[in-house]
*Asks:* 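Shown below is the structure under consideration.
Just the heavy atoms: all of them, side chains too, but no hydrogens, waters or symmetry mates, feed the values below.
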Amino acid sequence: MSQIFLMYGLQDFLTPVPVNELNEDNGYTDGQLAKHISIYVNELPDVTNTDIILVGINETRGSGTINNSQHTANHIRKQFYQLHYWHTGISIADIGNIKLGATLNDSYAAVKTVVAELLRLKKTVVILGGSHDITLAQYLAYKELQLVIEATCIDASINLKGENPLRSENFLLEMLTGEPNLVRHYNHIGFQSYFVHPRMLETMDKLRFDCFRLGTVKENLEEMEPVIRGTHLLSFDISAIKYSDSPASIESPNGFTGEEACILARYAGMSSKVNSFGIYGYLPQQDIKDLSAKQIAQMLWYFIDGKNRSKQEASMEERHHFNEYHTSFNQVESVFLQSKKTNRWWMQLPNKKFIACSYTDYINASHNEIPERWLRAQERE
């Protein structure tokens with residue numbers, strides 16, 4: 001069965017992109033992304049050879065917010081389409097916007113259906129717009145396909161607040177504790193301590209989930225690359241970006257800079273495992289001079305940049321493309337691999353499986369110190 005036939009099965013869930021409304025000038029130049037993306041205008045594009053598929057969602061009822069915008073994702077597209085196309089090895093399609101359901105759960109079901117079909121086609125999906133609880137629908141797509149995954153959220157707070165009726169504040173409860181549960185491991189990047197109850201962090205630690213405080217991440221941002229490299233589902237709430245760099249991020253004056261957010265997005269693109277990336281929480285009515293829309297557009301550009309770089313990486317079976325280092329720490333023999341192509345690192349667990357790591361992990365091991373990443377991975381085995 002052809003991929004284009006399967007895609008037409010999704011047409012009832014989608015609305016086209018109003019390209020003419022997004023450009024108020026006289027069209028796009030040959031160098032801009034709009035000229036190089038297969039866009040759903042009159043009919044769904046053939047995605048057979050597509051690497052990345054964009055899809056929008058305007059559902060914000062889960063945050064208790066009325067979205068006055070005709071479609072949030074279109075505001076992001078307007079900025080994204082204007083950027084220049086550098087990565088000719090990456091094919092991109094935009095299949096439009098997912099229709100809102102009569103209820104919030106209907107919208108979740110629509111997102112789940114669309115994302116699951118794209119995952120079934122082995123595509124990398126980027127979801128734009130909607131409140132952060134759409135992450136749950138993103139996860140339900142994997143559940144539909146019975147895929148065991150590692151999930152990561154980048155967010156200023158941890159949405160495990162069972163006492164809060166808003167889905168955007170409690171969706172992680174269902175995602176991490178619902179049965180059957182297919183989240184093998186969960187990471188949380190960039191939480192701000194004053195937004196999180198200490199007991200919540202204790203609970204996450206007991207579950208062997210990894211939570212990284214904003215300050216710790218900013219001190220060593222490159223340490224997040226191995227975390228994201230092992231992730232399948234990535235969810236980014238723009239509340240993680242500080243207000244001065246993203247005016248629609250009204251939750252906190254503190255957070256990641258725009259540049260740091262782009263670096264994290266690039267790490268996501270570099271991962272061969274990340275196959276769904278949602279960027280949530282953007283409301284045009286809270287934006288100033290479209291700066292947050294431009295920020296998200298540039299994060300997308302860096303995601304594509306990372307995807308382009310990931311195509312350069314060698315397979316782990318091609319050992320001649322890796323430097324191999326044998327070490328011993330705490331009477332444990334281990335092997336570290338360093339890619340000659342991308343300079344990234346992997347370390348071997350006692351079960352002989354390799355996991356993503358950093359140069360710091362190798363240095364610690366060579367000084368007879370147990371790398372914390374190795375220890376946490378062992379605890380989860």
*Asks:* Does OH belonging to Y302 count more than 12 external heavy atoms closer than 6.0 Å?
*Replies:* no

*Asks:* Please check: side-chain N/O of Y142 versus main-chain N/O of H232, any donor-acceptor pairing under 3.5 Å?
*Replies:* yes

*Asks:* Would you check if the side chain of K35 reaches a backbone N or O of T29 as a donor-acceptor pair within less than 3.5 Å?
*Replies:*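 No, because the side chain of K35 does not come within donor-acceptor range (under 3.5 Å) of the backbone of T29.
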
*Asks:* Classify the side-chain pair N364/R373 by whether it contains a donor and acceptor separated by less than 3.5 Å.
*Replies:*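 The answer is no; no qualifying pair exists.
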
*Asks:* Would you call K78 and E21 a salt bridge, taking side-chain N to carboxylate O under 4.0 Å as the test?
*Replies:*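 Looking at K78 and E21, the cut-off is not met.
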
*Asks:* With the threshold set at 4.0 Å, does a side-chain nitrogen-carboxylate oxygen contact exist between R319 and E317?
*Replies:* no

*Asks:* What is the minimum heavy-atom distance between Y267 and L221, and which atoms define it?
*Replies:* CE1-O, 3.6 Å

*Asks:* Answer yes or no: is there a donor N or O on one side and an acceptor on the other, between the side chain of E43 and the main chain of Y40, under 3.5 Å?
*Replies:*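 No: the side chain of E43 does not pair with the backbone of Y40.
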
*Asks:* For the pair R380 and D210, find out whether any cationic side-chain nitrogen is under 4.0 Å from an anionic carboxylate oxygen.
*Replies:*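 So R380 pairs with D210 through a salt bridge.
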
*Asks:* Say whether, by atom type as modelled, one donor and one acceptor occur between the side chain of H188 and the main chain of S157 under 3.5 angstrom.
*Replies:*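 Yes; judged by distance alone, with no hydrogens or angles, the pair exists.
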
*Asks:* Can you confirm whether more than 12 heavy atoms, excluding those of F322, are under 6.0 Å from its CZ atom?
*Replies:* yes

*Asks:* Begin from the C-alpha positions of T257 and K218 and carry the test side-chain contact (heavy atoms from CB on, under 4.5 Å) through to its verdict.
*Replies:* CA-CA 9 Å; T257 65; K218 286 172 73 71; 4.0 Å; yes

*Asks:* Can you check whether D30's main-chain N or O pairs, donor with acceptor, with H36's side chain at less than 3.5 Å?
*Replies:* yes

*Asks:* List the atom pairs, with distances to 0.1 Å, where a side-chain N or O of residues 328-337 and a protein N or O form a donor-acceptor pair under 3.5 Å, not counting sequence neighbours.
*Replies:*
residue : atom : partner : partner atom : Å
S334    : OG   : Q348    : O            : 2.8

*Asks:* Would you say the rings of F303 and F277 are close, in the sense that their centroids are separated by under 6.0 Å?
*Replies:*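 Yes, they do, as the ring centres are separated by less than 6.0 Å.
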
*Asks:* Tell me if a side-chain donor or acceptor on T177 pairs with a main-chain N or O of L173 at a distance below 3.5 Å.
*Replies:* yes

*Asks:* For Q79 and Y81, indicate whether the former's side chain and the latter's backbone hold a donor-acceptor pair under 3.5 Å.
*Replies:* no

*Asks:* Does N351 use its side chain to pair, donor to acceptor, with the backbone of K353 at less than 3.5 Å?
*Replies:* yes

*Asks:* Ignoring hydrogens and geometry beyond distance, is a side-chain donor-acceptor pair present between H132 and S235 at under 3.5 Å?
*Replies:*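 Yes, side-chain donor-acceptor contact under 3.5 Å.
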
*Asks:* Does the pair D287 and L291 meet the rule for a side-chain contact (heavy atoms from CB on, under 4.5 Å), with working shown?
*Replies:* CA-CA 7 Å; D287 207 354; L291 286 172; 4.3 Å; yes

*Asks:* State plainly whether the residues D51 and K123 are in salt-bridge range, i.e. N to O under 4.0 Å.
*Replies:* no

*Asks:* Is the shortest distance from a Lys or Arg side-chain nitrogen in E372 or R376 to a carboxylate oxygen in the other one below 4.0 Å?
*Replies:*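 A salt bridge is absent here (no side-chain N lies under 4.0 Å from a carboxylate O).
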
*Asks:* Look only at the side chain of N159 and the backbone of S168, and say whether a donor-acceptor pair between them is shorter than 3.5 Å.
*Replies:* yes

*Asks:* Please confirm whether W301 and H84 have ring centers closer than 6.0 angstrom.
*Replies:* no

*Asks:* Between E313 and K341, does any NZ, NE, NH1 or NH2 come within less than 4.0 Å of an OD or OE carboxylate oxygen?
*Replies:*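 No.
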
*Asks:* Is R120 salt-bridged to E117, cutoff N-O under 4.0 Å?
*Replies:*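 Looking at R120 and E117, the cut-off is met.
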
*Asks:* With a 3.5 Å distance limit and no angle check, can you tell me whether T152 reaches the backbone of T231 through a side-chain donor-acceptor pair?
*Replies:*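 Such a contact is absent between T152 side chain and T231 backbone.
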
*Asks:* With side-chain contact (heavy atoms from CB on, under 4.5 Å) as the test, would you mind laying out the steps for Y194 and S252 before giving the verdict?
*Replies:* CA-CA 11 Å; Y194 32 75; S252 177; 4.1 Å; yes

*Asks:* NZ of K273: more than 12 outside heavy atoms within 6.0 angstrom?
*Replies:*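 For K273, atom NZ is not crowded (no more than 12 foreign heavy atoms under 6.0 Å).
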
*Asks:* Under 6.0 Å between ring centres: does that hold for Y325 and Y362?
*Replies:* yes

*Asks:* NE2 of H326: more than 12 outside heavy atoms within 6.0 angstrom?
*Replies:* yes

*Asks:* Are there more than 12 heavy atoms of other residues, nucleotides or ligands under 6.0 Å from atom CZ of F195?
*Replies:* yes

*Asks:* On the six-membered ring of W346, is R229 placed so that its NZ or CZ lies under 6.0 angstrom from the centre and within 45° of the ring axis?
*Replies:*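 Pair R229/W346 counts as cation-pi.
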
